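Note that this is a predicted model, so its numbers are computed, not measured.
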Amino acid sequence: SGEGTVGVSEYGAIGFGGTGNDYAVVVYSSAVWSNRDFLVVGSAGSYNRLAVEGGGTVFSREGVIGDLSSGTHNRAEVTGGSRWLMTDNLYVGYGGSWNQLVVDGGIVSIVDGYIGMSGNNNSASVRNGAWLNAGNVVVGESGSGNQLTVYAGGLVRSVNGYLGDDYGSYSNSALISGSSAVWTNDDQLTVGVYGDYNRLTISGGGAVHNNAGVIGQDFLSSDNEVLV
């Protein structure tokens, strides 16, 4: 999109079928892409990319990066004062694996955020920007090997945080590292609800705030840890 461009669609899809290597970019402070329903980056395809740059804004009800199991290696970037604003949830790897959300100097605002709904090895990173959740952040709903990383100047805000939510959800992790890197939960942070081998690491001046913390909630949940 060029400067001053406003695009309106019922829904947005970058690489909707089995296509790959599709690319959409929303740039400039007055460029807007508004979707009344969902925006999908890589439904069944791979290596699709959304870039929101230079102060651009994307609106959608819901967002998905890597929808089906064949939707892999898709990526969304929100940088340079840009915004992706949703009225519902964001899924980084709904069923797909190796998908990425990168927030670097931008803002993502949603209800609930999922990194690895059932997909594996998906990631989200926040640096010098904010990922604002009106609800919860789940790293590994039923997937494994998913990761949240908050670097210097990054902020993640949520009501509750969960690493390894369901049975069989293992080896999910969160790293909060660097000056002013913060993950704030208004209520509770749980490392290993029902899953195993999940890990939270706080280092290099990072901080995690929550009202209550639990490591290994279910009696069958094992080998979860917090490293400070």
Side-chain angles (χ1 to χ4, degrees), residues 1-2 5-28 31-127 129 131 133 137-149 172:
S1 296
T5 299
V6 178
V8 179
S9 53
E10 188 63 31
Y11 64 86
I14 306 168
F16 186 70
T19 62
N21 296 300
D22 291 325
Y23 178 57
V25 59
V26 180
V27 299
Y28 302 115
V32 177
W33 184 12
S34 182
N35 300 277
R36 298 185 183 93
D37 202 343
F38 60 83
L39 172 57
V40 177
V41 183
S43 176
S46 300
Y47 297 99
N48 301 287
R49 182 181 174 207
L50 167 67
V52 193
E53 305 171 348
T57 302
V58 173
F59 296 100
S60 61
R61 179 186 63 82
E62 187 174 87
V64 182
I65 307 168
D67 188 14
L68 304 179
S69 60
S70 58
T72 66
H73 298 90
N74 299 288
R75 180 181 175 99
E77 304 166 3
V78 185
T79 64
S82 301
R83 303 178 299 164
W84 186 3
L85 308 177
M86 285 157 267
T87 57
D88 206 336
N89 301 336
L90 171 64
Y91 303 92
V92 184
Y94 189 92
S97 300
W98 302 103
N99 299 287
Q100 290 182 297
L101 169 68
V102 176
V103 182
D104 191 347
I107 295 174
V108 172
S109 179
I110 59 175
V111 179
D112 294 326
Y114 295 88
I115 307 170
M117 186 68 177
S118 61
N120 305 315
N121 301 304
N122 299 284
S123 66
S125 64
V126 184
R127 185 195 306 269
W131 184 11
N133 301 266
V137 168
V138 181
V139 184
E141 171 66 24
S142 60
S144 300
N146 301 287
Q147 183 171 22
L148 167 66
T149 306
N172 300 285

Discussion item. Are Val108 and Met86 packed together at the side-chain level, in the sense that at least one heavy-atom pair is separated by less than 4.5 angstrom?
Written reply: yes

Worksheet item: Are more than 12 heavy atoms from other residues, nucleotides or ligands located less than 6.0 Å from atom OH of Tyr11?
Response: no

Worksheet item: Should we say atom OH of Tyr47 is surrounded by more than 12 heavy atoms from elsewhere, each under 6.0 Å from it?
Response: no

Fill in: Residues Ser123, Val92; criterion side-chain contact (heavy atoms from CB on, under 4.5 Å); working and verdict
CA-CA 7 Å; Ser123 66; Val92 184; over 6 Å; no

Between atom [atom1] of [X] and atom [atom2] of [Y], what is the distance when rounded to the nearest 0.5 Å?
{"X": "Leu148", "Y": "Asn172", "atom1": "CG", "atom2": "CG", "value": "11.0 Å"}
{"X": "Ser144", "Y": "Asn121", "atom1": "OG", "atom2": "CG", "value": "8.5 Å"}
{"X": "Leu101", "Y": "Ile65", "atom1": "CG", "atom2": "CD1", "value": "5.0 Å"}
{"X": "Gln100", "Y": "Ser125", "atom1": "CD", "atom2": "OG", "value": "7.0 Å"}
{"X": "Trp84", "Y": "Leu50", "atom1": "CH2", "atom2": "CG", "value": "6.0 Å"}
{"X": "Thr149", "Y": "Ile115", "atom1": "OG1", "atom2": "CD1", "value": "8.0 Å"}

Fill in: Partner of Arg83 by side chain to side chain contact (heavy atoms under 4.5 Å, CB included), out of Ile107, Val32, Val52
Ile107

Main chain of [Y], side chain of [X]: is a donor-acceptor contact present, judged purely on distance under 3.5 Å?
{"X": "Asn74", "Y": "Gly45", "result": "yes"}
{"X": "Asn122", "Y": "Asn99", "result": "yes"}
{"X": "Asn89", "Y": "Gly113", "result": "no"}
{"X": "Asn35", "Y": "Glu10", "result": "no"}
{"X": "Asn48", "Y": "Asp22", "result": "yes"}
{"X": "Ser46", "Y": "His73", "result": "no"}
{"X": "Asn133", "Y": "Asp112", "result": "no"}

Item to complete: Report the C-alpha separation of Ser142 and Ser118 in whole Å, then their side-chain angles, then the decisive distance to 0.1 Å, and conclude whether the side chain to side chain donor-acceptor pair (under 3.5 Å) test is met.
Response: CA-CA 5 Å; Ser142 60; Ser118 61; 5.0 Å; no

Discussion item. Quick one, Val8 with Arg36, criterion side-chain contact (heavy atoms from CB on, under 4.5 Å). Give me CA distance, side-chain angles, the key distance, then yes/no.
Written reply: CA-CA 8 Å; Val8 179; Arg36 298 185 183 93; 3.6 Å; yes

Worksheet item: Cut-off 3.5 Å, side chains only: do Trp33 and Ser60 have a donor facing an acceptor?
Response: no

Worksheet entry | Verdict with reasoning, Ile110 to Trp131, per side-chain contact (heavy atoms from CB on, under 4.5 Å) | CA-CA 8 Å; Ile110 59 175; Trp131 184 11; 3.2 Å; yes

Worksheet item: Yes or no on side-chain contact (heavy atoms from CB on, under 4.5 Å) for Arg127 and Val102, after CA distance, side-chain angles and deciding distance?
Response: CA-CA 8 Å; Arg127 185 195 306 269; Val102 176; over 6 Å; no

Practice prompt. Identify the heavy atoms of Tyr94 and Met117 that sit nearest to each other, and give their distance.
Written response: O-CB, 3.3 Å

Worksheet item: Closest heavy-atom contact between Ser70 and Ala44?
Response: OG-O, 2.8 Å

